[in-house]
Amino acid sequence: MTVTTAIGLAGAFCTTFCLIPQVVKAHRSKSTTDVSMGWLAILAVGTVLWLIYGLLLNDLPLIAGNGVTLILVALILALKMRHG
């Protein structure tokens, strides 16, 4: 693994897993009233575009980070729709 890939994976880890506290809070409180639907929509579209970009470049940090981010965004969206 190159230093560049390691830096990319570290950055992807940080920006991806920063969503976990929101998922946990929304799940425990069963409330997502403070989560903006506009923010979720823009984040989801941006994440899909970054994922496609990563796939086109065959770039592991972009693919891994945005693949997991998309799952976390989908979880927040599902909680928003369920408990909104």
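These figures come from a predicted structure and were not determined experimentally. The figures that follow rest on heavy atoms only: side chains count, while hydrogens, waters and symmetry mates do not.
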Gap between atom CG of Leu19 and atom CG of Leu43 - 0.5 Å precision: 6.0 Å
Worked verdict on Thr33 versus His83 for side-chain contact (heavy atoms from CB on, under 4.5 Å): CA-CA 8 Å; Thr33 55; His83 302 298; over 6 Å; no
Over all atoms of both residues, closest heavy-atom pair of Thr15 and Cys18: O-SG, 3.1 Å
Approximate separation, where rounding is to 0.5 Å, of His27 NE2 and Arg82 CZ: 8.5 Å
Spatial distance of atom CD (Gln22) from atom CG (Leu40) [nearest 0.5 Å]: 8.5 Å
Path from Leu57 to Val68 over hydrophobic side-chain contacts below 4.5 Å: no
Exercise: do Thr69 and Thr47 side chains pair donor with acceptor under 3.5 Å: no
Geometric class of the Tyr53/Trp50 ring pair [parallel <30°, tilted 30-60°, perpendicular >60°]: perpendicular
Nearest atoms (heavy-atom pairs only) where Leu9 meets Leu60: CD2-CG, 4.2 Å
Nearest-0.5 Å distance that lies between atom CG in Leu75 and atom CD1 in Ile20: 9.5 Å
Which atom of Lys80 lies closest to which atom of Val35, heavy atoms considered: NZ-O, 2.7 Å
Polar side-chain atom of Ser29 near backbone of Lys25 as donor-acceptor pair, under 3.5 Å: yes
Distance (rounded to the nearest 0.5 Å) between Asn66 CG and Ile71 CD1: 11.5 Å
Shared hydrophobic cluster, Val48 / Val45 (ILVMFWY, side-chain heavy atoms < 4.5 Å): no
Pro61 to Thr5 - nearest heavy-atom pair and separation: CG-O, 3.8 Å
Nearest heavy atoms of Leu79 and Ala26, plus distance in Å: CD1-CB, 3.9 Å
Close side-chain approach of Ile76 and Thr32, heavy atoms under 4.5 Å: no
Val23 with Leu70, same ILVMFWY side-chain cluster at under 4.5 Å: no
Shared hydrophobic cluster, Leu49 / Val73 (ILVMFWY, side-chain heavy atoms < 4.5 Å): no
Within one Ile-Leu-Val-Met-Phe-Trp-Tyr cluster: Val3 and Phe13, side-chain cutoff 4.5 Å: no
